[in-house]
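Just follow the structure's listing: the first ligand is 1, and inside any ligand the first atom is 1. Positions are given from 1 along the sequence.
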Amino acid sequence: MTAPTAPLQGAAPGSPSIWTAAHNADRRRPRSRQTELGASDTVCSRRAAYIVTGAARTDTHEGKAAILGTYIHAGLLEDARKEFGWQVERTVVGDNVRGHVDAVQLDEATAARLPKALRPSVPAAVCTVEDVKTKSVWKWDHVLRYGATKAELRQVYLYAAILRKHGFADVRGQKALARLGPIDVQRIRFRFVCRDDGAEHVQEFDFDELEASAALFWVDRVLEVEDPEELPRDHDGPGLAAVCDYCPWLTACWGQTGPGIPVQTLLVKDDDDRAQALADYVRGHEQESAGKKVKAFARAKLDQTKADTYGANTLSWSGGNPVKRPDVQAMVDLYDDAGVTVPMVPNLDVMVAFLKQEGIAVPMKDTGAKTARSINVRPART
Ligand code: SF4
């Protein structure tokens, strides 16, 4: 047990934060100290390489949202196991990757080969691998529109591929499942659950052999490297990609800079790098401008359309309300009625305008603050 490191606001001295317990438990979870590649570690090739090469972690992060997600995830799966008889959190071990499949729903023929106590209450039409993902409300629209990310697809295809080739791992607590041998997984299902309001969204599709081969190839490529830096960074770094913000190898991957200086600056070493970054900036600007034009035209066309669902999208309107601001004259009258002195402050705008009108320089003093730095990029003159 570890004592709390910082006093907890509002609590009696010595009273621990409940997060102390949560973080200690999280650090002890197998995935937090493994050196073997798990299917859920395939979110970034360089990060996966740090794991398999046993590189020391350089960063620790609080990760409270992820821990909350773990609790919700475990609670939902346990209840699904009890109520529906799903096989949950089952271990699979492949040739060079392992993991815990969230849920496997067996078809009738496969389930019939299990002892009665292990059979599902309702068998699936086909053997299905299911992955349950909890998401914040901020990511929810993205989930509804685009479904699982590339990394999430890779993870679940790895589970499905291992089950199809090896079946369940022969480990304690699932010997009967292991005796089934290879499982004929035909379907993949993602079940997204919103951490904030409990909304549920399902995305499912047939197993695709090519996608599974691509996922296995991705793992092979990671295992071949001796130095993680041989592999590309799959994300744009801290401040631009949340996966990097919470990466245990953030400093190893990006290095360190002074306060307020983005680590991405370390990628620019010479004028060729500067030229390339400027060209990327211009390309991004052109795409952004083209996108803005498309949006402006569509917005104009929709101006009189009532809120409803049209095709794949739901339209709603916000705003359009009268803008209110304090009524100075009414407040002066209220002060007069109450016999309270109306506060008088110098009117900055009027004073500046008067000095300018009289041709007198407006006196200025340094505030200590700095204006925002803006980037301006124009075609070079030859
Ligand atoms: S910091 Fe980002 S790019 Fe680097 S290893 Fe971690 S997740 Fe990958």
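- With hydrogens and angles disregarded, a donor-acceptor distance shorter than 3.5 Å links the side chain of W317 to the backbone of T305.
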For salt bridge (Lys or Arg N to Asp or Glu O under 4.0 Å), just list the numbers for R81 and E78, CA-CA rounded to whole Å, side-chain angles, deciding distance to a tenth of an Å, and then say yes or no. CA-CA 5 Å; R81 183 188 68 78; E78 179 56 12; 2.6 Å; yes
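- Hydrophobic cluster membership is shared by V263 and L250, with clusters built from Ile, Leu, Val, Met, Phe, Trp and Tyr side chains linked at under 4.5 angstrom.
- Formation of a donor-acceptor pair under 3.5 Å by the R189 side chain with backbone atoms of Q203 is not found in this model.
- Atom 2 (Fe) of ligand 1 lies at 2.8 Å or more from every N, O or S atom belonging to C253.
- Looking only at distances, a side-chain donor or acceptor of Q264 sits under 3.5 Å from a matching main-chain atom of D236.
- The distance from atom 8 (Fe) of ligand 1 to the nearest N/O/S atom of C44 is under 2.8 Å.
- Under a 4.0 Å criterion applied to the non-hydrogen atoms of R47, ligand 1 contributes the atoms 5 (S).
- Among protein heavy atoms, atom 3 (S) of ligand 1 sits closest to R233 CB, 3.5 Å.
- Ranking protein heavy atoms by distance to atom 1 (S) of ligand 1, first place goes to W254 NE1, 3.4 Å.
- Counting backbone and side-chain atoms alike, C247 contributes an N/O/S atom closer than 2.8 Å to atom 6 (Fe) of ligand 1.
- Proximity of a side-chain donor or acceptor of R164 to a complementary backbone N or O of V185 within less than 3.5 Å is detected.
- Look at W249 and you'll find every heavy atom at least 4.0 Å from all atoms of ligand 1.
- Nearest protein heavy-atom contact of atom 2 (Fe) of ligand 1 is C244 SG, 2.3 Å.
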